[in-house]
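Here the structure is a predicted model, which is why all the values come from computation and not from measurement. Lettering follows sequence order; numbering is per chain, from 1.
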2 protein chains.
Amino acid sequence: MARALSVVGDRWTLLVLREAFFRTRRFEDFQARTGAPRPVLAERLRSLVDDGVLERRQYSDRPDRFEYRLTEKGVDLYPVLVSLLRWGDRWMADDDEPPITLRHRGCGQIVQPELACPGCGEWVTARDMEAVGPRATLAGAR
Amino acid sequence: MARALSVVGDRWTLLVLREAFFRTRRFEDFQARTGAPRPVLAERLRSLVDDGVLERRQYSDRPDRFEYRLTEKGVDLYPVLVSLLRWGDRWMADDDEPPITLRHRGCGQIVQPELACPGCGEWVTARDMEAVGPRATLAGAR
DNA sequence: CAGTATCCTCGAGGATACTG
DNA sequence: CAGTATCCTCGAGGATACTG
C-alpha cells in the first residue's frame, strides 16, 4: 500500500485523477479544473504517465497537441476514487460543493457503489473482514 | 472529495490509518510500525482526532496512558483503504512485501471485496457508472 | 510509555513570464 | 494549446534529546 500511495497519495494527483474520470484530457482543462500551478500539473501528469496510470497521446500534429487518457491500470483506480468520494459526501458534507451523483448504467438507478464479498455476494464492512497471514497476529478490522 | 483528501491525503496519515485497522492503538506501536518521526506521528494523531476519525481514550492513570481507536467515521474509511490495498497488490506487486490477505468472516472465504451496485446487486467498474448532475456535461467514467 | 522541544535542511509548490 | 524557465518562500518532516 505504501507503493500505491506513492503513486496517488497527494492532493494534486488525486484531483487530476478525478478529472480524468470526468473525461478531462487536455492540459489546459486539467489546469483550469484543478487549479494546480502549471509546473506542478506538468510534473504530476508526467509522473502519472511514468507510473502507467495515464497515457499520453498525440491527437494533432501541426501544431503538436497531446491528451492524457486513463490506462487500464488507471481505470482500475475507480474504487479508490469512488470510496473517497462517498466518504467525503457522507462525513464532510459541504453546502458549497453538492455531492456528485452516480448512475449505474446497467439498472439506471442513482447509487453509490459499495463493497461486497466476491465469494458469497454479501455486503461487507470493516467488521465483516479479518486479515490473515503474516500480519495476522495483530490483524482483524474492528 | 477535496475535503476528504485534506483528512486522509498524506502518506503518514494513511499508514497510521492502516495500522489502526490492524488494531494498533498505542503511540509507541504506531511509531514502530509506521516509522513516522515522533513529532510527525503526534501531529497526525492529533489531527485525526480533531477530524473525528480517531478517538483518544485514557486506558490508565498513574501513569497516564492513552490509546487511539477508530470512530465510526474512521471505520467507514475501510473501503478507501481496501481499494488502495487491492490496487497496490494488483498493480504494484512487490516481492518484498507480500499481499495482505483478507477473509470474509461471514462465508470464511479469502477474498478482496469489490464494488457492487446497491440497487441491483451487480458488480460494477468505472465503465458501468456515469456521473449526473452539475458535472454532467463532462461526466461519465470511461 | 506518550509524548514535547529544538534545530536544521531541502524541496514542494505558488506566482509569473516566456516559448514553440 | 501545452507546456518550460525562473524565482522565492515557507513549512514539512527527519534526527535527536529530553520530560512527566
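- Considering only heavy atoms from C-beta on, B:Gln109 stays 4.5 Å or farther from B:His104 through its side chain.
- Contact between the side-chain N/O atoms of A:Tyr68 and the OP1/OP2 oxygens of D:dC1 is not found at any separation under 4.0 Å.
- In this entry the distance linking CZ of A:Phe27 with P of D:dC1 reads 11 Å, nearest Å.
- Ring centroid separation for the pair A:Tyr78 and A:Phe21 comes in under the 6.0 Å cut-off.
- When the side-chain hydrogen bond (donor to acceptor under 3.5 Å, both in side chains) test is applied to A:Gln58, the partners found at least two apart in sequence or on another chain are A:Asp64.
- One interatomic measurement links the two molecules: CZ of B:Arg25 to C1' of C:dA2, which rounds to 17 Å at whole-angstrom precision.
- In this structure, B:Arg56 reaches the C:dG3 phosphate: one of its side-chain N or O atoms is under 4.0 Å from OP1 or OP2.
- As a whole-Å value, the separation of A:Asp29 CG from D:dG3 P is 12 Å.
- Note on B:Phe30: nothing from the nucleic acid sits closer than 4.0 angstrom, heavy atoms only.
- Atom pair B:Glu43:CD and D:dA12:P shows a separation of 7 Å (rounding to whole Å applied).
- When atom types are taken as modelled, the side chain of B:Gln31 and the backbone of B:Ala36 share a donor-acceptor pair closer than 3.5 angstrom.
- For A:Arg46, there are no salt bridge (Lys or Arg N to Asp or Glu O under 4.0 Å) partners at least two apart in sequence or on another chain.
- Proximity of B:Val75 to B:Thr71: side-chain heavy atoms (C-beta onward) are nowhere separated by under 4.5 Å.
- Following rounding to the nearest Å, A:Arg57 (CZ) and D:dA2 (P) show an atom-to-atom distance of 14 Å.
- Using a distance-only test at 3.5 Å, with no hydrogens or angles considered, a donor-acceptor pair links the side chain of A:Arg105 to the main chain of B:Arg127.
- Comparing atom distances between the A:Asp10 side chain and each of C:dG3, D:dG3, C:dG13 picks out C:dG13 as nearest.
- Of the charged side-chain nitrogens involved, at least one lies within less than 4.0 Å of a carboxylate oxygen, so that B:Arg103 and A:Glu130 count as a salt-bridged pair.
- Separating the CD atom of B:Gln31 from the P atom of D:dG13 is a distance of 15 Å, rounded to the nearest angstrom.
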For this session: Would you mind building the protein contact string for nucleotides 15-20 of chain D? One character per nucleotide, 5' to 3', B for base within reach (heavy atoms under 4.0 Å), S for sugar-phosphate only, - for untouched.
Result: BB----
Exercise. What pattern of brackets, bars and dots sums up DNA chain D from 5' to 3', given Watson-Crick or G-U wobble pairs under 3.5 Å, [ ] for crossing pairs and | for another strand?
Worked result: ||||||||||||||||||||
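- Residue A:Arg11 contributes atom CZ, which lies 14 Å from atom P of D:dA12 at whole-angstrom precision.
- Between A:Arg44 and C:dG13 there is a side-chain N or O to OP1 or OP2 distance below 4.0 Å.
- Here the side chain of A:Ala42 is nearest to one of C:dA2, D:dT4, D:dG14, namely D:dT4.
- D:dG3 atom C1' lies 16 Å from atom CG of A:Leu54, rounded to whole Å.
- Figure legend: cation-pi geometry between A:Arg65 and A:Tyr59 absent, as NZ or CZ is not positioned both under 6.0 Å from the six-membered ring centre and within 45° of its axis.
- A donor-acceptor pair is defined here as one N or O able to donate and one able to accept, closer than 3.5 Å; such a pair exists between the side chain of A:Ser60 and the backbone of A:Pro63.
- Remark: B:Arg46 in residues 46-53 of chain B come within less than 4.0 Å of DNA chain C through at least one heavy atom.
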Exercise. Should A:Leu102 and A:Gln112 be marked as a side chain to side chain contact (heavy atoms under 4.5 Å, CB included) after you check the CA-CA gap, both sets of side-chain angles, and the distance that decides it?
Worked result: CA-CA 7 Å; A:Leu102 301 175; A:Gln112 299 271 31; 4.1 Å; yes
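- With sequence neighbours excluded, no residue satisfies salt bridge (Lys or Arg N to Asp or Glu O under 4.0 Å) with A:Asp51.
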